[in-house]
Amino acid sequence: MKFSRRKFVKSTAVALATAVATGAAATTSSLSGCAPKPTSESTGTSSSDSIKTYSAVCRYCGVGCGVLVGVKDGTVVEVTGDPDNQTNKGANCIKGMNLVKLLYGEDRLTKPLIRDDKTSKGTKNGLREATWEEALDLVAEKLKATWKTDKSRLAFWGSGQQPIIEGYALVKFWKAGLLSNNIDPNARLCMASAVVALMNTFQTDEPANCYADIDSADVFVTWGANMAEAHPVLYSRLVARMQDNSSVKHYDLGTITTKTSKSANKVLIFKPGTDLAIANYIANYLVSNNLYDADFVKDHLQFKAGQENLSDALEDGYDASDIGQKVNDVHGITFDEYAAMLAPYTLEYVAQLSGVEASDLEELAKLFADPKLRILSLWTMGVNQHNRGTWMNHNIYNIHLLSGKHAMPGCGAFSLTGQPTACGTAREVGTFSHRLPADLVVNNAQHRRYSEAVWDLPEGYLDGIEKPGPHTVKIFRDMSSGKYDFFWSAYNNWAVSMPNLTRFLGKGDKKGLLDTFVVVNEVYPTLSCDYADVVFPVSLWVEREGQFGNAERRTAIFEKAIDPPGDAMWDLWVFVQIAKRVLAGEKISDDDAFTKLFGLIWDNAKDDFIGEQREVCKTLWEEYRTFSNPDLNNRANSINKDAEEKFGTRADDGTYTPSKLKMEAKQLAPYDEYLLNHGLSWPCREVNGRWLGTSWRFNNGGSQEDGYDQLGVQMYGKAGLAGNISFYKSATSKPSVVFRPYEPPAFEPNEEYPFWFVTGRLLEQWHTGSMTRRIPELNDALPEALLYMNPNDAAALNLSEGDMAKVSSAYGSVDIKVSVTSRVQPPAGRVFAAFFAEETLINLVCEDVYCPLSKEPDYKKTIVKIEKR
Amino acid sequence: MNASRDLLEPTSLAEESVVISSVLVETKAASLKDVTTYLAQMPGVQVHSTHGTCLVVTIEAPTIDASYAIATELTAIDGVLNVQLVYANFEDDPGIKARMRADAKN
């Protein structure tokens, strides 16, 4: 680099960092080397030194940080934290340094691949290069044949990494085109428990709070969350808040000590599963001592109890069993009845049960009792991947609602996500087997009518998908049992991430997987590709335009900055190509089915998209956002209001109570607004010609301009209630506090299997390592899966650092290297290993148990034995 | 704000291939001075200013790999709470240069 160039680059680096450090980040867009805000017309803005800069969102974790990508001569040469994206305000974690290397791994897939000989499945051999025509024709033929013969034998498995528009088009193809609910995302493995609890509690998905709450909280409570590794930028904000104010406290609750524990004033290590009891103790403390927020309870809450003694979802027939059919049952109770149910959760009982010091539990409870403190609970997979994951989500909401600490600046119960668009696509678009876009579900007639209106389908057309389809675990269990003929996955690596891999990769049931025609959209060869009959090479990250939605309801667009390598194509193009072939000759009423569904973006005469990627995304977005903007479609608007009185209830006196969908509660803005604003958090409202986001849902404590939900409350809520809150999305405007008891894990350590085994993720390796293992710096930092053990446990088994051990459960076994370093510090009797290394494949050991309500697997409580090799 | 060195003072790596990054190093209050001193003696690392307990730091190294290694090393320094990346320019990284040549041909 020439000296003058070096000076320029370095001065840019210093100026940008100084601006972020001083909080002047919003002005940095005018600095040299940094892009001005892009507009819908200006894809790629030029800085003064010939580098074109594009607005994007980081591809790694679930935080959803904004980045600016600089491109020179067709190559990404620069990454800058996006100062205009309010998620991170210009700061990224150091993994951002390696974002470029995601794109340029040596083994990128650049040609479609076909396997001719099924006996080579499960090996690195047997795939040959093919043309797109051959591969597309083959996949379409197999899909159509299965669809026409028995559509229960086909499935699509998507992801929380699937950009919003791509997920939306896929849902439209699968649900309206194929009339199939056999579609589910890998978000079932990480967020489903959070979703079910949010729906049960508030009748709407996704958190009410925002990341900025980290900057003003008085107390942080992390529940089963290793934010330092899984959400590093958010964790840095937590640490910064504690540095700014020495009175700010952090309580870390978990079953093992992690990097996140380092900042905690108190680390409460509990016996696995007893977090349910700990939360109930806190609720009992508040209620029995009359220290709950009485006004908040009176204005906002209703109380319920649900089906108990659920046993465990171990067997394939659980969902259809008597108890499996009752797991969602709830009934109303009084506050006094709720108090009586909590009464057994005394300090003494819970301290004994959980193993946590009574004084620590009481200290935590007293914080919730202090009306002045802003408490922010943050949680991730320790809560969600739990045999009672939905219940534990409920129990956290219960204590925040009882104490009147929710949906307020610096104060609330905030469930974080593990993938960049688990919220935006899996949850908001609704790529689940039971969902339609925007919180709508298939088994609700009004919801189907609304979707038909948006998609311009005949009334009743979607009644063919009234019954929800199979959830992820059921799909894989059934596939291993030979009940599928066609399976297509994209943006995931199921052969590494599913629990109990032994069932379909290791034992006799493997035949089911081998017999299924498997299609994989991928960017790199993964273990899942080893089982594929066809692999489609696709664009990665900024090789096409896409959209992510993160945990603070923020939607952001990443612009196409470079071309994909070789013959790799946009996933959306692949979906449309398959839809075109499979729907050929099919009709919706008298219309050609493909044209009816995709004619808005596809020119049949030209056999190509209508317009460039920006135009295609914008066109689909405008249709998608009709789901949350009913006034854009008269038919939808009428159903939203129940104007024809079809869906509500009529009293004996003839009074009609309409069933209002309140679709505006998730209102999305026009596409261009996301480019102009570098992301917006929904609900988005147009105020005096400007589109504004919402930081605190349901909170009427200030103006829309300041981030409050002023217009949402005006539209459907009520002013003047406790805390200036109005939970308007609930039918009764009253969230449900549902009593959920402690029920033990499916298995507890015994003589044969004396250890608890926990799996999860660590900073360097993400998304099963399918991308991060291509980056030498990340892979070198964590090149292999390690079994983190308590030093005393290791010594008792004569195991030292670097020794090989055999870990076995009732499900399977693997050999793995032992570590007794301090990165993860399990207490005695517990061990941890991250899942990413296909050569170790730790999930061969992982138990096969899921939350009965959410169907999300428990990855945290497998009982194992450990032997020295 | 304390500028510890001339903002644009060239380092010993001048005129060589260099990947330039800027990071924010968040320290414990009591460790600020020690961390600043430690950083000052790290090759390729320069502290430009201090804002509360946050240091504005540049990293200059021949490759992305070497830059990341230094950034990782920063996270392990006693008293450092967090390191955040603000900007990275890797047009001089040999792998990226090769990619640019290949893309230019295409």
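These numbers come from the heavy atoms of this one structure, side chains and all, not from hydrogens, waters or symmetry mates. Note that the structure is predicted; figures quoted are calculated from it, not measured. Note on naming: letters A, B, ... go to the chains in the order of the sequence lines (proteins, then strands), and numbering restarts at 1 for each one.
- Interface remark: B/A71 contributes backbone and side-chain atoms alike to the contact with chain A (heavy atom separation under 4.5 Å).
- No side-chain donor from either of A/Q243 and B/K28 sits under 3.5 Å from a side-chain acceptor of the other.
- In plain terms, the two heavy atoms of A/A17 and B/L24 that are nearest each other are O-CD2, 3.5 Å.
- Using a 4.5 Å heavy-atom threshold, the side chains of B/Q84 and A/C93 count as separate.
- Annotation: side chain of B/E91 is in contact with side chain of A/I51 (closest heavy-atom distance under 4.5 Å).
- Surrounding CG of A/D107 are more than 12 heavy atoms belonging to other residues, nucleotides or ligands, all under 6.0 Å away.
- Salt bridge status for B/D65 with A/K101: present, with a side-chain N to carboxylate O gap under 4.0 Å.
- Looking at B/S67, both its backbone and its side chain come within 4.5 Å of chain A, counting heavy atoms on both sides.
- Considering all non-hydrogen atoms of both residues, B/N82 and A/Y235 come closest at ND2-CD2, 3.8 Å.
- Between B/V86 and A/N92, every side-chain heavy-atom pair lies at or beyond the 4.5 Å cut-off.
- Proximity to chain A (any heavy atom under 4.5 Å) is restricted, for B/T27, to the backbone atoms N, CA, C and O.
- Under the 4.5 Å side-chain criterion, counting only non-hydrogen atoms from C-beta, B/S49 is in contact with A/T18.
- Within the 4.5 Å cutoff, side-chain heavy atoms of B/Y87 are placed close to those of A/E78.
- Contact of A/K95 with chain B is made through backbone and side chain together, with heavy-atom distances under 4.5 Å.
- Counting heavy atoms from C-beta on, the side chains of B/K97 and A/V77 never come closer than 4.5 Å.
- Put simply, of A/L99, A/V239, A/V100, the one with the most heavy-atom pairs under 4.5 Å next to chain B is A/V100.
- Annotation: maximal heavy-atom pairing with chain A below 4.5 Å, among B/V57, B/V23, B/V19, B/L81, occurs at B/L81.
- Here the CG atom belonging to B/L74 is positioned 7.5 Å from the CD1 atom belonging to A/I94, to the nearest 0.5 angstrom.
- Closest approach of B/V56 to A/A21, counting heavy atoms only: CG2-CB, 3.9 Å.
- Within the 4.5 Å cutoff, the side chain of A/K10 has heavy atoms near those of the B/H48 side chain.
- Two residues are said to be in side-chain contact when any heavy atoms from C-beta on lie closer than 4.5 Å; B/S21 and A/M97 meet this criterion.
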